[in-house]
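The residues of the chain are indexed from 1 along the displayed sequence.
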Amino acid sequence: MDKQSIIGFVLIAILMGVFVWMTQPSEEQIAAQQRYQDSLYQIELARQLAEAQHIQKTNETQAIVENDSVRHINDSIRNLQYGIFASVLEGEDGYTTVENDVLELSFSNKGGQISKARLKNYQTSDSLPLLLFDGENENAYGFNIVTATNRVFNTRELYFTPLPGNDGQSITMRLALSDDKYLDYIYTLAPDDYMVRFEIKATNMFDVFARDFNKLDMIWTGKIRQQEKGRSFEERYTQLYYKFIADDVEHLSESKDQTATPTGRLKWIAYKDQFFSSVLIADEDFSSVKLESIKYETGPYLKDYSSQMIAAFDPTGNLATGFRFYLGPNHYATLKSYDKGISDNRQKLELERLVPLGAWIFRWVNKWLILPLFNFFGGFINSYGIIILLMTIVVKLVLFPLTYKSYMSSAKMRVLKPQVEALNAKYPGQDKAMERQKAVMDLYSRAGASPMSGCVPMLLQMPILIALFMFFPSAIELRQESFLWAKDLSTYDAVISWSAYVPLVSKYFGNHISLFCLLMTIVNVIYTKFNMEMSNTGQQQLPGMKYMMYLMPVMFLVFFNQYASGLTYYYLVSTLFTIIQTLLFRQFVNEEKLLAKLEENKKKTKKKSGFMARLEEAQKKQEALARQQAKGNSKKARR
């Protein structure tokens, strides 16, 4: 390229640069252009959005039309399939609360049933509100309805409409099939009462039910929550109870799974734990009953109960089918009050049998002695520890004559100990055991002493002692009542606890040591040593018997460690009073005078008692048998 061409291109480039510089837009022109472009973008965006909304609206409208068509078809199918009941197969889940001073209940729209029960005056061992159950998973009941078209519906799956009463303590759960055809569950609470009235009444439903539909096939299921601190102890008192019409009360096993089909008609069925119960009571009766109890080894529940039964029903609605629910504490006086003024045995409930006071003789002692005494002191003393102490004193005074007689029997044999030892020396060895025993019994007979006379008073005391053993763990009055270091006299008072599971120990002894139980054991060991020294009559004892006597108090520690501290506290105080009584007896009974009296008795001609005569006769037969055996052995030896 020549020089002129290069100069020409340079000049053209300079001219183009000057042209571009002179023709470029100002800042105002650039801003205006940007605003113009933004406006075009917004307009396009609005157009696209409007178009999208139009498409969406068109699709939604089409979907609504399609869904309405599907829903209409489904409704038609459901109406054809379920008939008049189609309207109650679906509904709105909800709960309505009804309460009085002591009880708060929640009623579920689904099933029209009591789904939650809270006892206002009680708390769990963790200081939480005490709920007998909460939700259909823990308590549910329903009836099978057979329709004129032979379809079967269970009311647990149907939706009811709540109609609360004006008083706040009643509610009607209505299964409304139409404006004039409905089934009502009518619930009524009385003021300050744990009993709930429950009635089932049909209105214009006769043509809805099957022709022979005059009975309600009922199913009731329930899970029992753990409410107390000691699970294994609470399990012992958690049972399914049931009562026959005008007859006895029975229960399923507390320790294993069990089913039962009672042959008679039942008045009520109770789902019971240690201190609280849910009881379903029929105005008339339950028939064709099947009961089941399943035990949980771990978890928040102790037992799973279920009941199947049949109750009479009037499909015309002229008569209501009546029930009652008792949802409350196992308090003896409260349960007993529901039979007040009732003379007809068929109508008597005997709900107080839910309080386990023992078999008939022990229950009799608790009913007529221990309970009145307990309630008497409870009327003016607030501390249940003091009440137990006073009860122990009264029981000891009542048993004083028997205790004194038992002591005098052992004292007689004790003062005769030197003479018994002399007889032992006179007839030594195992081959003269019969002669030795006969001589000792003859000594006792002539002196007026009898080994059995000390046992009989002890046996007579047993009903009271066993009655108290049954009473204290069942007394709800002791629940969450503190005394000294024990925070709750109805359960164990752990002074040492651990969380690790120890085989055998954790299952039978627990993961703790109860202080009252430990003190009771120590005092019993001391009393055993003291009592063995006093009751040494000089007679030979079986080998190891001494150690067996000491083993018993140690076994008490294992056995009672998980029991109520109120019970072990009673045993502690009772044993201390027994020791004090024995010391006083020794102080005031002159054994020298007693021995002199026995020596005087020897000089008298005494007619043998029937027992001593039978004992001597048995000894003679035993001696004759021993002689025959000895002759037989001698003949064999000569052969």
Show me the side-chain donor-acceptor pairs of residues 156-164 shorter than 3.5 Å, one per line, residues at least two apart or across chains.
from, atom 1, to, atom 2, distance (Å)
Y159, OH, D93, OD1, 3.0

Determine all donor-acceptor pairs shorter than 3.5 Å in which one atom belongs to a side chain in residues 348-356; sequence neighbours excluded.
from, atom 1, to, atom 2, distance (Å)
R353, NH1, D248, OD1, 3.4
R353, NH2, D248, OD1, 3.4

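Tested against Y271, the residues S306, S307, S277 include a single side-chain hydrogen bond (donor to acceptor under 3.5 Å, both in side chains) partner, S307. Screening F143, F206, F209 for a ring pair (Phe, Tyr, Trp, His ring centres under 6.0 Å) with F313, the sole residue that qualifies is F209. When each of L105, L189, V196 is checked for a side chain to side chain contact (heavy atoms under 4.5 Å, CB included) with N100, only L189 meets the rule.
Separating the OG1 atom in T261 from the NZ atom in K290 is a distance of 8.0 Å, to the nearest 0.5 Å. Interatomic distance, S278 OG to L132 CG, rounded to the nearest 0.5 Å: 4.5 Å.
The shortest heavy-atom contact between F213 and N144 is CE1-O, 3.5 Å. Closest approach of S115 to F133, counting heavy atoms only: O-CD1, 3.6 Å. Residues D273 and R225 share a closest heavy-atom pair of OD2-O, 4.2 Å. Residues V88 and A176 share a closest heavy-atom pair of CG1-O, 3.5 Å. Scanning both residues, Y242 and A260, for their nearest heavy atoms gives OH-CB, 4.5 Å. Taking every heavy atom of both residues into account, A486 and D493 meet most closely at CB-CB, 3.8 Å.
For Y384 and F472, the ring centers are positioned 6.0 Å apart or more.
Taking 4.5 Å as the limit, some side-chain heavy atom of K181 sits within range of a side-chain heavy atom of D207. Looking at E136 and Q113, their side chains come closer than 4.5 Å, going by heavy atoms from C-beta outward. Under the 4.5 Å side-chain criterion, counting only non-hydrogen atoms from C-beta, K120 is not in contact with D101. Considering only heavy atoms from C-beta on, I370 stays 4.5 Å or farther from L357 through its side chain. For the pair Y141 and N139, the minimum side-chain heavy-atom distance is below 4.5 Å. By the 4.5 Å heavy-atom criterion applied to side chains, I386 and F377 are not counted as neighbours. Contact annotation: the side chain of P262 approaches that of L291 to within less than 4.5 Å [non-hydrogen atoms, C-beta and beyond]. Side-chain contact between Y122 and I476 is present, with heavy atoms from C-beta onward closer than 4.5 Å.
A salt bridge does not link D257 with K295: every distance from a Lys NZ or Arg NE/NH1/NH2 to an Asp or Glu carboxylate oxygen is 4.0 Å or more. Look at E199 and R197 and you find a salt bridge, because one of the NZ, NE, NH1 or NH2 atoms lies within 4.0 Å of a carboxylate O, short of that distance.
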| query | Which is it for F275 and E234 under the side chain to side chain contact (heavy atoms under 4.5 Å, CB included) test, yes or no, and what are the steps along the way? | reply | CA-CA 9 Å; F275 293 121; E234 187 178 3; over 6 Å; no
(message) Between F374 and F471, is the ring pair (Phe, Tyr, Trp, His ring centres under 6.0 Å) condition met? List the steps.
(response) CA-CA 10 Å; F374 185 77; F471 171 76; 5.0 Å; yes
Open item on the list: The test is side chain to side chain contact (heavy atoms under 4.5 Å, CB included); show your working for Y194 and V279 and say whether it passes.
Closed with: CA-CA 11 Å; Y194 294 101; V279 189; over 6 Å; no
* To do: Go through the steps for Y305 and Y241 under the test ring pair (Phe, Tyr, Trp, His ring centres under 6.0 Å), then give the verdict.
  => CA-CA 11 Å; Y305 296 141; Y241 275 65; 9.8 Å; no
Review point. Would M309 and L266 satisfy side chain to side chain contact (heavy atoms under 4.5 Å, CB included), going step by step from the backbone distance to the final call?
Key: CA-CA 9 Å; M309 65 285 264; L266 302 187; over 6 Å; no
request  = Report the C-alpha distance between L280 and F286 in whole Å, list the side-chain angles of each, state the deciding distance to 0.1 Å, and finish with yes or no for side chain to side chain contact (heavy atoms under 4.5 Å, CB included).
outcome  = CA-CA 10 Å; L280 178 60; F286 295 118; 3.8 Å; yes
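In summary, the side chains of Y301 and E138 do present a donor paired with an acceptor at a separation below 3.5 Å, with no hydrogens or angles considered. Side-chain contact of Q239 with E254: a donor-acceptor pair under 3.5 Å is present, judged by distance alone. Side-chain N/O atoms of T491 and E228 include no donor and acceptor closer than 3.5 Å. Between the side chains of Y296 and R231, no donor N or O sits under 3.5 Å from an acceptor N or O.
Between the side chain of Q480 and the main chain of S490, no donor-acceptor pair closer than 3.5 Å is present. Remark: side-chain polar atoms of K267 are paired, donor with acceptor, to backbone N or O of A282 under 3.5 angstrom. With hydrogens and angles disregarded, a donor-acceptor distance shorter than 3.5 Å links the side chain of S108 to the backbone of K110. In this structure, N204 contributes its side chain and D180 its backbone to a donor-acceptor pair below 3.5 Å. Checking side-chain atoms of K243 against main-chain N and O of D247 turns up a donor-acceptor pair under 3.5 Å. In this structure, the side chain of D184 does not engage the main chain of I186 through any donor-acceptor pair within 3.5 Å. At distances below 3.5 Å, at least one donor-acceptor pair connects side-chain atoms of K272 with backbone N or O atoms of Y237. Side-chain atoms of S514 come within 3.5 Å of backbone atoms of N561 as a donor-acceptor pair (strictly under, hydrogens ignored). Judged by distance alone, the side chain of Y563 and the main-chain N or O of P473 form no donor-acceptor pair under 3.5 Å. Looking only at distances, no side-chain donor or acceptor of Q274 sits under 3.5 Å from a matching main-chain atom of Q226.
Stacking of K229 on the aromatic ring of Y492 is recorded, both the 6.0 Å distance cut-off and the 45° axial limit being met.
Listed by first and then second residue, the ring pair (Phe, Tyr, Trp, His ring centres under 6.0 Å) pairs that reach into residues 339-363 come to none, sequence neighbours excluded.
When the shell of 6.0 Å around CD of E99 is examined, it contains more than 12 heavy atoms from other residues, nucleotides or ligands.
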